[in-house]
Amino acid sequence: MKAIEWLGNALRILDQTKLPHEIVYRDALSYKEVAEAIEQMEVRGAPAIGAAVAYGFALGALEYQGNREGLPSFMEEVQDRLSETRPTAVNLFWALRRMEDRLRECWDVDDLDEVRRLLIEEADRIADDDRRMNRLIGEYGNEIIPEKSNVLTHCNAGALATVEYGTALSVIRKAHETGKTIHVYADETRPLLQGARLTVFELLRDKVPVTLIADNMAGYLMQQGKVDLVIVGADRIAANGDTANKIGTYSLAVLAQAHGVPFYVAAPTSTIDIKVANGQEIPIEERPAKEIRECFGVAIAPEEVNVYNPAFDVTPAKYITGIITEKGIIAAPYSVNLLKLMVRS
Ligand SMILES: CSC[C@H]1O[C@H](OP(=O)(O)O)[C@H](O)[C@@H]1O
């Protein structure tokens, strides 16, 4: 089950708003369709968004009908449209920058089809890098999973949030595959229920024991000593280790520290934004009020009520036990150790 698949002239997108009850694909033939799919969260998850944007950029070059000289200004429009879709996941901007850099490197390539080929090749590399990084996250992360453990996770940081394997769920999968007795508590993750709809869906398919809980039950589980560790994904990690992730992550981190439960973030280095000093500088997406007032089309609050709907929150580094990356597990002091990580090849 892949979130996205490149078809050579289109990007096949699994519409995650329909999961788990319907498996529906959309073949995006244009960069605008990719942008809409990201905004509507048909494709979501920081690494998956990054790869989708890379292929969306390549689709823009395929759509272009002008001469070679006009391509750069057209691709600026493509870049603008893709970059305005969702502000928090830095993977989007990391992928766009790689595609823009590749386009600039092609300045002396006159043949438009050759430029298109080189851009698709770069998007493929971005996708392959994500597969590789997620596998390694699973390998390193497995080192911190006890032989027998109850792990709590939030939202969906699984295969559906990436090109393959996932980040937090890559660690859980690896532990399961290596024969550890791992059981997962999956937060439903209001308001869009990525945990109930996507994480549970993934883990049941992989036969990983999983129990679904409402978000407000996590503290009670920890108070009863039923959670051995928490592992979540990330959308943007600042230079000091402050981490933006799905709304509700910060509450989990504070509860985990209060109950002496280790709290890990699993993310590829494409999610680390070393240019952002701390969490205050991370843009937090605010989404439509409808997502709170309704639950998948069923009104659950009076139409006239005001709504606050931040899609992410920021967990200060002091609550994070370790950051699991494809280059190893990073501990505090994050300002020092993340910088060392990013300069390491
Ligand atoms: C592999 S980490 C994915 C990350 O993205 C999710 O947010 P959204 O579903 O809104 O894209 C959530 O924060 C996950 O942890």
Side-chain angles (χ1 to χ4, degrees), residues 2-4 13-17 19 37-53 85-95 127 129-131 133-138 141 152-173 186-202 215 230-237 243-253 263-273 279 282-288 291-292 309-315 320 323-326:
K2 293 180 180 173
I4 59 168
I13 293 169
L14 171 59
D15 181 352
Q16 297 188 35
T17 64
L19 289 175
I38 292 169
E39 287 168 338
Q40 289 156 20
M41 293 181 67
E42 293 173 18
V43 52
R44 35 63 53 196
I49 291 171
V53 151
T85 50
R86 296 186 72 192
T88 305
V90 70
N91 309 61
L92 188 158
F93 307 96
W94 167 83
D129 285 349
D130 191 59
R131 291 186 188 93
M133 292 191 284
N134 296 337
R135 280 276 185 189
L136 288 168
I137 287 168
L152 187 144
T153 192
H154 190 67
C155 196
N156 173 257
L160 292 168
T162 64
V163 176
E164 260 175 6
Y165 310 117
T167 56
L169 294 199
S170 178
V171 176
I172 288 166
R173 284 188 165 101
D187 272 356
E188 63 175 353
T189 315
R190 282 269 303 152
L192 297 183
L193 307 179
Q194 289 94 323
R197 296 187 302 109
L198 307 177
T199 291
V200 168
F201 177 73
E202 286 196 44
D215 300 323
V230 178
I231 185 163
V232 298
D235 291 84
R236 193 181 303 222
I237 300 170
T243 296
N245 195 54
K246 183 52 51 194
I247 189 74
T249 303
Y250 169 57
S251 313
L252 272 186
F263 181 92
Y264 285 93
V265 170
T269 48
S270 50
T271 306
I272 298 171
D273 187 354
I282 299 176
I284 299 297
E285 177 186 14
E286 290 206 24
R287 292 190 61 85
E291 293 177 358
I292 304 287
N309 185 15
F312 302 97
D313 56 27
V314 175
T315 297
I320 299 173
I323 300 176
I324 305 165
T325 76
E326 76 281 6

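The structure displayed is predicted, hence computed values, not measured ones. Each ligand, and each atom within it, is numbered from 1 in the order the structure gives.
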> When you compare the side chains of Asn134 and Ser170, does any donor N or O come within less than 3.5 Å of an acceptor on the partner?
no
> Inspect the contact between Asp215 and Arg190 and indicate whether a charged nitrogen and a carboxylate oxygen are less than 4.0 angstrom apart.
no
> Checking Thr199 against Asn156: is there a side-chain donor and acceptor pair closer than 3.5 Å?
yes
> When you check the side-chain N and O atoms of Asp15 and Thr17, is any donor under 3.5 Å from an acceptor?
yes
> I'd like a table of the close N/O pairs between ligand 1 and the protein (anything under 3.5 Å), one pair per line with both atom names and the distance.
| from | atom 1 | to | atom 2 | distance (Å) |
| --- | --- | --- | --- | --- |
| ligand 1 | 5 (O) | Asp235 | OD1 | 3.4 |
| ligand 1 | 5 (O) | Asp235 | OD2 | 3.1 |
| ligand 1 | 9 (O) | Arg44 | NE | 2.9 |
| ligand 1 | 9 (O) | Arg44 | NH2 | 3.2 |
| ligand 1 | 9 (O) | Gln194 | NE2 | 3.0 |
| ligand 1 | 10 (O) | Arg86 | NH2 | 2.8 |
| ligand 1 | 10 (O) | Lys246 | NZ | 2.7 |
| ligand 1 | 11 (O) | Gly45 | N | 2.8 |
| ligand 1 | 11 (O) | Arg86 | NH1 | 3.0 |
| ligand 1 | 13 (O) | Asp235 | OD1 | 2.5 |
| ligand 1 | 13 (O) | Asn245 | OD1 | 3.1 |
| ligand 1 | 13 (O) | Lys246 | N | 3.0 |
| ligand 1 | 15 (O) | Asn245 | OD1 | 2.5 |

> Taking only residues two or more places apart in sequence, or in another chain, which ones meet Tyr165 in a side chain to side chain donor-acceptor pair (under 3.5 Å)?
Arg135
> Determine, for Arg173 against Glu202, whether the closest basic-nitrogen to carboxylate-oxygen distance falls under 4.0 angstrom.
yes
